[in-house]
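This report refers to the structure that appears directly beneath it.
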Amino acid sequence: MIVPSPPRSGLPGRGLSRPGRGTGLLLGGALDAVLGDPRRAHPVAAFGAAAMRAEARLWSDSRIRGAGLLAA
């Protein structure tokens, strides 16, 4: 008779132990409280602006140009 092994928590071969996760969450929360979000040139906003420029330049009602935009 084959007995299944007990389920493992988390992804196999990845992640931190529970104390390591807690430490990371506390450190991340503390850094966010101290540093906060940048007032200018937020990385997510910069990526969104670059994506909009690429779409405006590359998009067309064409499968070939659409595939190029998707590849980019």
Side-chain angles (χ1 to χ4, degrees):
M1 180 170 144
I2 299 175
V3 179
S5 60
R8 291 188 278 165
S9 63
L11 296 173
R14 293 182 182 247
L16 299 171
S17 64
R18 289 187 190 271
R21 283 188 202 145
T23 303
L25 287 170
L26 287 174
L27 182 60
L31 284 172
D32 187 48
V34 171
L35 300 175
D37 286 337
R39 294 185 187 269
R40 304 175 111 209
H42 193 282
V44 175
F47 177 80
M52 284 181 18
R53 284 192 303 272
E55 182 180 13
R57 193 170 225 190
L58 298 174
W59 187 86
S60 177
D61 195 14
S62 158
R63 284 185 185 220
I64 293 173
R65 291 193 69 181
L69 178 61
L70 179 65

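Starting from 1, each residue takes its place in the sequence as its number.
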### Single-linkage hydrophobic cluster L31~V34, side-chain heavy atoms < 4.5 angstrom
yes

### Query
Is the count of non-hydrogen atoms from other residues, nucleotides or ligands lying under 6.0 Å from I64 atom CD1 greater than 12?
no

#### Entry: Shortest non-hydrogen contact between R65 and R57, atoms and distance
NH2-O, 2.9 Å

### All side chain to side chain contact (heavy atoms under 4.5 Å, CB included) counterparts of L25, not counting sequence neighbours
none

### Summary
Residues at least two apart in sequence or cross-chain that pass side chain to side chain contact (heavy atoms under 4.5 Å, CB included) with P38, listed by chain then number, are H42, P43

